[in-house]
Engineer: 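The following block contains the structure, expressed as structure tokens.
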Number of protein chains: 2
Amino acid sequence: MKVTIKDVARDAGVSPSTVSRVISDSSRIGEATKKRVRKSIEKLGYTPNVMARSLVSRRSRIIGVVMPHEADTLFSNPFFIQAMKGISVAAEKNNYHIMYAFGRDEEGELDAVKNYISRNIVDGICLLTARKRDRCIEYLKGEEFPFVVIGTPEEKTSEDTLWVDNDNEEAVRNIVKLLSEDGHKKIGFIGAKRNWTVSINREKGFIEESSLRGVETFIEYEEDFTRASGYSGARKLFREPGITSVICTDDILAFGAQKYLLENDGAHVKILGFNRIDPQGNFGPKFSSVDINSAGLGEEAINLLISKLNHTNKSNYKIVDTKLERIEEEL
Amino acid sequence: MKVTIKDVARDAGVSPSTVSRVISDSSRIGEATKKRVRKSIEKLGYTPNVMARSLVSRRSRIIGVVMPHEADTLFSNPFFIQAMKGISVAAEKNNYHIMYAFGRDEEGELDAVKNYISRNIVDGICLLTARKRDRCIEYLKGEEFPFVVIGTPEEKTSEDTLWVDNDNEEAVRNIVKLLSEDGHKKIGFIGAKRNWTVSINREKGFIEESSLRGVETFIEYEEDFTRASGYSGARKLFREPGITSVICTDDILAFGAQKYLLENDGAHVKILGFNRIDPQGNFGPKFSSVDINSAGLGEEAINLLISKLNHTNKSNYKIVDTKLERIEEEL
DNA sequence: CTGAAAGCGCTTACAG
DNA sequence: CTGAAAGCGCTTACAG
């Protein structure tokens with residue numbers, strides 16, 4: 001039989017109320033009593049029943065994470081799994097648990113959100129991506145349910161929406177700066193999903209820093225983050241002669257662009273990617289890539305959400321640093 | 001304010017007990033009453049509080065999934081994410097929720113298991129991998145806590161351990177059969193983690209089917225599932241001349257082997273991999289690979305566990321079919 | 001500093 | 001066929 005708070009109380013010769021207060025380390029309990037109770041807890045191997053605790057405290061200490069349905073195909077991209085790891089670490093530190101839901105489409109994601117909320121299962125929700133006119137975000141706002149988004153939400157203005165993201169503008173500015181100092185005068189840019197906020201911010205950094213430094217810019221957008229997109233983007237981009245480097249908003253695009261370049265006398269062109277994807281079976285030379293610190297994004301998202309739940313949050317957003325990783329050739 | 005069972009009872013003019021019985025569709029409630037109560041539920045938008053329900057039923061309807069700590073590095077491999085998807089699907093169908101824990105090492109995994117159990121948080125646990133002398137498995141067995149393993153556990157003999165896996169022996173037999181019929185007389189095999197049951201079973205199928213068909217076998221084992229291992233395994237393997245095909249126990253190894261072959265006049269050698277990894281940045285030609293149906297493994301694991309929890313399980317294991325995918329060259 | 005009592009929102013024998 | 005009552009294992013005003 002499971003040991004309950006009553007068993008501990010009996011063993012320590014106190015009331016269940018006192019045991020409860022010792023557990024929450026209430027200042028109103030005498031040190032001697034605390035010590036005695038703790039000994040009983042230890043001895044009996046007591047651990048509180050979270051269900052009972054949740055029922056009365058109305059806090060489950062569970063956070064629901066909704067995986068975007070595109071995740072399925074995006075899983076060549078290690079972002080999600082690393083974000084999950086970060087989420088898990090932060091949750092554990094704060095003594096929270098994590099629940100994941102995979103929607104099969106946007107409707108399914110919304111259903112997961114509704115389900116979480118209506119059944120009182122989670123204290124807060126974490127979304128792994130911010131879409132334009134995101135239905136989950138809109139629903140959560142309407143319900144005034146605590147949530148956090150990884151990525152910059154459309155209406156950054158609303159102070160009540162929690163979010164974490166990289167400073168994507170700054171990250172690209174930094175790359176342009178390095179390239180420019182390195183003598184590059186004509187730089188290309190290949191992106192996908194032009195209407196995602198992340199794309200918009202990266203392009204902005206690209207254009208502004210380039211103009212500041214007198215660098216000529218050439219931009220191509222494709223539909224999806226695939227190798228094929230990178231390849232065809234590069235084909236279009238390099239009709240323009242003299243481009244000596246290309247920034248791709250994802251390593252997957254960069255793989256495709258690299259293939260095009262290797263096939264078309266472009267081996268000298270410097271490639272820069274985003275998201276540091278281990279190229280596994282990639283037979284081409286490696287290229288530098290911006291590490292967006294996916295785990296950090298997940299971790300900070302949860303920290304932000306929990307501080308909101310505790311009403312101790314100072315800010316409604318958090319910027320996670322990126323790091324340009326320059327990679328040398330290796331097997 | 002959240003609507004509770006009392007509100008519904010009042011609205012429908014019955015007692016809370018009756019509402020509860022309607023929800024569980026007890027046969028002892030009159031149809032007319034049921035209809036009335038259901039209307040009230042609908043009208044008030046009532047959803048039961050899972051915490052309260054769990055407290056009394058002593059079932060949380062939550063399953064804890066422990067991610068192996070190696071997952072971090074193995075995440076170039078889509079197995080885990082797809083298994084998670086399958087797990088999620090099966091859970092949802094059965095009205096269960098899933099909780100994930102990431103241990104930082106084997107100790108951390110064990111802590112997660114202990115934590116899940118002692119706090120009465122989950123009804124059962126799913127492990128995503130079976131190690132030799134697996135501490136989590138041993139602990140769970142000792143506690144007699146319901147759990148399921150994806151992968152064949154060391155002691156298959158114990159009828160009380162639930163597991164799901166592919167028929168790895170059969171999968172390799174099938175490949176050898178096809179190769180042999182195709183005229184291959186000398187076949188290589190590159191594996192990693194020789195002491196994993198999955199390796200042992202694949203090698204067994206390889207050796208036995210080859211001997212049956214008079215095929216000469218050449219085997220190399222490396223430490224880890226990396227490209228570098230595949231590359232060096234191939235280098236050793238192909239000291240032997242005349243090998244016309246090579247079976248790699250993972251696509252990652254196959255990528256490395258392929259690189260070696262392309263660099264050493266081995267483009268004609270037929271490569272077969274496992275786990276169908278999208279080669280993303282892979283610039284070499286594609287090769288055939290065995291789809292182990294990771295999502296199916298996850299789904300069946302959860303089904304098995306849930307039927308165990310309901311005491312309706314017939315068997316303690318389930319074999320999930322594999323499928324050899326032959327891939328044509330494409331971008 | 002500590003305890004008795006009420007209550008969180010359900011379910012389930014027990015009665016009728 | 002339905003209801004009143006007890007109880008799941010906690011927490012937290014309220015009293016002292």
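Every chain is numbered from 1, with letters handed out A, B, ... down the list of sequences. Keep in mind that this is a model prediction, so the values were computed, not measured.
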Engineer: Using atom CZ of B/Arg10 as one end and atom C1' of C/dC10 as the other, report the distance to the nearest whole Å.
Structural biologist: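 Result: 15 Å.
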Engineer: Tell me which of A/Thr47 and A/Arg21 sits closer to the 5' end of DNA chain D, going by the nucleotide each one is nearest to.
Structural biologist: A/Thr47
Engineer: Looking at A/Arg38 and A/Asp25, does any basic side-chain N land under 4.0 Å from a carboxylate oxygen?
Structural biologist: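 Looking at A/Asp25 together with A/Arg38, the answer is yes, because their closest N to O distance falls below 4.0 Å.
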Engineer: Rounded to whole angstrom units, what separation is found between the CZ atom of B/Arg119 and the P atom of D/dG9?
Structural biologist: 16 Å
Engineer: Give a yes-or-no answer on whether the side chains of B/Asp11 and B/Ser40 include a donor-acceptor pair shorter than 3.5 Å.
Structural biologist: yes
Engineer: Which whole-number value in Å describes the distance from A/Ile5 CD1 to C/dG7 P?
Structural biologist: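 Rounded to whole Å, this separation is 19 Å.
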Engineer: For D/dT11, does OP1 or OP2 lie under 4.0 Å from any side-chain N or O of A/Arg53?
Structural biologist: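 Yes, A/Arg53 has a side-chain N/O under 4.0 Å of OP1/OP2 on D/dT11.
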Engineer: In whole Å, I'd like the distance from the NZ atom of B/Lys6 to the P atom of C/dT11.
Structural biologist: 14 Å
Engineer: Let's see if you can work this out: which of C/dA4, D/dG3, D/dG7 has an atom nearest to the side-chain heavy atoms of B/Val14?
Structural biologist: D/dG3
Engineer: Between B/Lys93 and B/Glu299, does any NZ, NE, NH1 or NH2 come within less than 4.0 Å of an OD or OE carboxylate oxygen?
Structural biologist: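 Salt bridge between B/Glu299 and B/Lys93, a charged N being under 4.0 Å from a carboxylate O: yes.
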Engineer: Is A/Phe145 atom CZ crowded by more than 12 heavy atoms from other residues, nucleotides or ligands, each under 6.0 Å away?
Structural biologist: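 Result for CZ/A/Phe145: enclosed.
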Engineer: Under a 4.0 Å threshold between the charged nitrogen and the carboxylate oxygen, would B/Glu107 count as salt-bridged to B/Arg135?
Structural biologist: yes
Engineer: Scan every strand shown for a Watson-Crick or G-U wobble partner of C/dA13, both distances under 3.5 Å, and answer none if you come up empty.
Structural biologist: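 Answer to the pairing question: none, since C/dA13 forms no Watson-Crick or G-U pair.
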Engineer: Figure out the CD1/C1' separation between A/Ile23 and D/dT12, and round it to whole Å.
Structural biologist: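 Distance, rounded to whole Å: 14 Å.
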Engineer: As a test of reading the structure: which of C/dT12, C/dT2, C/dA4 is closest to the side chain of B/Ser17, going by heavy atoms?
Structural biologist: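 My answer, after comparing the listed nucleotides, is C/dT12.
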Engineer: How long is the line joining CG of A/Asn49 and C1' of D/dC10, in whole Å?
Structural biologist: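 Taking atom C1' of D/dC10 as the reference, CG of A/Asn49 is at 8 Å.
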Engineer: Base, sugar-phosphate, or nothing: which does A/Ser54 touch, judged by heavy atoms less than 4.0 Å apart?
Structural biologist: nothing
Engineer: Starting at CD1 of B/Ile29 and ending at P of D/dC1, how long is that distance when rounded to a whole Å?
Structural biologist: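 Interatomic distance, CD1 of B/Ile29 to P of D/dC1: 9 Å.
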Engineer: Measure the distance from CZ on B/Arg59 to C1' on C/dC10 and round it to the nearest whole Å.
Structural biologist: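 The answer, rounded to whole Å, is 16 Å.
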Engineer: Side chain of A/Ser15, heavy atoms from C-beta onward: which of C/dC8, C/dT12, C/dG3 has the nearest atom to it?
Structural biologist: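 Shortest atom-to-atom distance from the side chain points to C/dG3.
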Engineer: Counting Watson-Crick and G-U wobble pairs only, both distances under 3.5 Å, name the nucleotide matched with D/dA4, or none.
Structural biologist: none
Engineer: Counting only side-chain heavy atoms from C-beta out, which of C/dG9, D/dT2, C/dT2 sits nearest to A/Thr18?
Structural biologist: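 Nearest to the side chain of A/Thr18 among the choices is C/dT2.
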